[in-house]
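Within every chain, numbering begins at 1; the chains are lettered A, B, ... in the order of the sequence lines, protein sequences first and strands thereafter.
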Amino acid sequence: MIDINPKQIEKLLKRGVAEVIVEEDLKQKLLSGKKLRLKEGFDPSFPDIHLGHMVGLRKLRQFQELGHQVVLIVGDWTAQIGDPSGQSVTRPMLSAEQVKNNAQSYMEQFFKVVDKSNTEVRWQSEWFADFDLGDVIRLTSKFTLAQMLAREDFNHRYQNNQPISITEFLYPLLQAYDSVAIKADVEFGGMDQKFNLLVGRELQSMIGMKPQDILMTPLLVGTDGTKKMSKSLGNYVGIADPPREIFGKIMSIPDDLLFSYYELLTDIDDKELMNIGVALNNESINPMELKKGLALQIVEFLYDNQAALEAENHFRRTIQEKELPQEVEKCQLGNQTTSLREFILAAGLAKSRTDAKRLVIQKAVEVDGQTITDVNFKLKPGDVVKVGKRRYVRCV
RNA sequence: GGAGGAGUGCCGGAGUGGCCAAUCGGAGCAGACUGUAAAUCUGCCGCUCGGAAGGGCUUCACAGGUUCGAAUCCUGUCUCCUCCA
């Protein structure tokens, strides 16, 4: 039932793992043949999962394949506080209503990566609904301000006279209590979760439970190549994005990111991974080709082979060969909108008349393959207007 | 309860009476180039008229006021932060 192949286990604990606490302990647990409860929590404050989350989810999936049990915690309470991790400002509270809606769509995406049949979904409200003030006081009394300030982001904010709300201190405590409630053996999370994860260990042992081990995955750098992937920074590739978009976004990552993306987001074996590293270093391969391979694999994983090939094809035609895409959006050519500028505006290709004019003057507009710099250029039905690198509209 | 500080364009953040639609950085958009929607370089980046030069309009929390003239000064309001208690 439970796979205890030491080689396999060794591999899982190495590739794409930032840190394990306590490594030796976790190894023993995995070798024991016991079915482990793998905790993963999420806050339904943002309903979208991106590739950054996928790094951890893939790890979960791999452990699942050894036969272990994933316990997914829906943080319907913590979401209302907002995770302070990595934040430099206080988060606004969400309504219980919003949280419910987000959780649903979040899970749909979650199970694109993690095996649903082997996952137990638990809502925090199962145990927090009955929490009364006494419980809260008992829970908070176990921790000190010094402990909280040991945490870097709190400390930073404190030093800089930035506000920290009391509820934010509650966040790690609630998350820790989840581990108690579901008797977690291992908790998964990104490196930015370290503090929260450690509090879970602490609380468990205070209560006389064997503390969970912690497996942290590295933070994936976003498509901008500098900051961690995050929705609010806009440098993300969403798991639910359509295939073409995923493909395109992958193609736009800086070359430097290629290796880590391969390492964290694909299943290619370690040997092949090393080869890629070498090839990148001595420039014996065109990074573009590697990027295509990466994009293919990711789209295939999230959709299927056919979608991946289609997306690649689309990329090659429209971007590399600058061909017209097969289906082009249409826009009605009204009396008022026969001039190029008006049409661009009406078709939603520019946000204002000034903006439309700017595009034309900057040589960003082509009509039937000809660059046009005259804003008053008269369009006729059938003309295809191209704005920028990849936006096309046909006049009707 | 008291003292002090802050609110500027998508974000960060200059600017303390005219030279300000407002420096700079980031994001974004575009062009060139390229082995790529990478990197690099260049331009743009409130609305509007104009091919352009240039003009008009609405902006610097909100509402009033002083002034020939205000993001900048005054009054009030709202919001936020810090410190003391």
Would you say Met274(A) has more than 12 foreign heavy atoms packed within less than 6.0 Å of its CE?
-> no

Taking atom C1' in both A21(B) and C47(B), compute the distance separating them and give it to the nearest angstrom.
-> 11 Å

Are the side chain of Lys27(A) and the backbone N or O of Leu13(A) linked by a donor-acceptor pair below 3.5 Å?
-> no

Side-chain atoms of Met288(A) come closest, of A30(B), A37(B), U36(B), to U36(B)

Does Lys363(A) or Ser252(A) map to a spot on RNA chain B nearer the 5' end, using the closest nucleotide for each?
-> Lys363(A)

Measure from NZ on Lys292(A) to C1' on A37(B) and round the result to the nearest Å.
-> 12 Å

Return the value, rounded to whole Å, for the distance between atom CD of Glu289(A) and atom P of U36(B).
-> 9 Å

Donor-acceptor pair present, Gln362(A) side chain and G31(B) base, under 3.5 Å = no

Is it true that the NZ or CZ of Arg58(A) lies under 6.0 Å from the centre of Phe301(A)'s six-membered ring and within 45 degrees of the ring axis?
-> yes

Sugar-phosphate, base or nothing in reach of Gly388(A), heavy atoms under 4.0 Å | sugar-phosphate

Are OP1 or OP2 of U48(B) and a side-chain N or O of Ser352(A) less than 4.0 angstrom apart?
-> yes

For the pair made of OH in Tyr262(A) and P in A38(B), what is the distance, rounded to whole Å?
-> 18 Å

Indicate whether OP1 or OP2 belonging to C29(B) is found under 4.0 Å from a side-chain N or O atom of Arg358(A).
-> no

Glu366(A) CD to G31(B) P: how many Å, rounded?
-> 8 Å

C1' gap between A70(B) and A63(B), integer Å = 16 Å

Hey, does Leu258(A) reach any base, or is it just sugar-phosphate, or nothing, if we go heavy atoms under 4.0 Å?
-> nothing

Close aromatic pair by centroid cut-off 6.0 Å: Phe259(A) and Tyr262(A) = no

Spacing between Tyr236(A) atom OH and A37(B) atom P, to the nearest angstrom | 22 Å

Protein-nucleotide distance (Phe247(A), atom CZ; U36(B), atom P), rounded to Å = 13 Å

For RNA chain B, whose closest nucleotide is more 5', that of Gly248(A) or that of Leu345(A)?
-> Gly248(A)

Relative to each other, are the rings of His50(A) and Tyr236(A) parallel, tilted or perpendicular (30° and 60° limits)?
-> tilted

At under 4.0 Å, does any side-chain N or O of Thr354(A) touch on OP1 or OP2 of U48(B)?
-> yes

Mate of C24(B) across any strand shown (Watson-Crick or G-U wobble, both atom pairs under 3.5 Å) is G12(B)

With heavy atoms under 4.0 Å as the rule, sort Asn376(A) into base, sugar-phosphate or nothing.
-> sugar-phosphate

Write down the partner of U34(B) under the Watson-Crick or G-U wobble criteria, each distance required to be under 3.5 Å.
-> none

When you measure from the side chain of Arg353(A), which nucleotide among G51(B), C49(B), A37(B) comes out closest?
-> C49(B)

P atoms of G65(B) and U72(B), separation to the nearest Å | 15 Å

From the list A37(B), A30(B), C49(B), which nucleotide is the closest neighbour of the side chain of Ala364(A)?
-> A30(B)

Taking the side chain of Asp255(A) as its heavy atoms from C-beta onward, which of A38(B), A30(B), C49(B) lies nearest to it?
-> A38(B)

Please state the C1' separation for the pair U66(B) and G18(B) - nearest whole angstrom.
-> 16 Å

Anything under 30° is parallel, anything over 60° is perpendicular, the rest tilted; go ahead and classify Phe188(A) against Phe63(A).
-> perpendicular

Between NZ of Lys389(A) and P of U36(B) the distance, given in whole Å, is 13 Å

Rounded C1' spacing from U23(B) to U16(B) in Å = 15 Å

Stacked cation flag Lys116(A) on Phe110(A), 6.0 angstrom / 45 deg | no

Complement of A71(B), any strand, by Watson-Crick or G-U distances under 3.5 angstrom = none

Return no unless some side-chain N or O of Lys291(A) is found under 4.0 Å from OP1 or OP2 of A37(B).
-> no

Please measure how far the P atom in C29(B) lies from the corresponding atom in A38(B), and state the result in whole Å.
-> 10 Å

Could you tell me whether Leu349(A) contacts a base, only the sugar-phosphate backbone, or nothing, with contacts defined as non-hydrogen atoms closer than 4.0 Å?
-> nothing

Which one, C29(B), A37(B), C49(B), comes nearest to the side chain of Arg391(A)?
-> C29(B)

Could you state the CG-P distance from Leu280(A) to A38(B), rounded to the nearest angstrom?
-> 17 Å

Across every strand shown, the nucleotide meeting Watson-Crick or G-U wobble geometry with C45(B) (both distances under 3.5 Å) is none

Establish, yes or no, whether a centroid distance under 6.0 Å links the rings of Phe143(A) and Phe169(A).
-> no

Could you measure between the two C1' atoms, the one in G15(B) and the one in G7(B), and give it in whole Å?
-> 15 Å

Name the closest nucleotide to the Lys351(A) side chain, picking from U36(B), C47(B), A30(B).
-> C47(B)

Paired nucleotide for U79(B) [Watson-Crick or G-U wobble; both distances under 3.5 Å] | A6(B)

C62(B) versus A71(B) - spacing of their C1' atoms, nearest Å = 14 Å

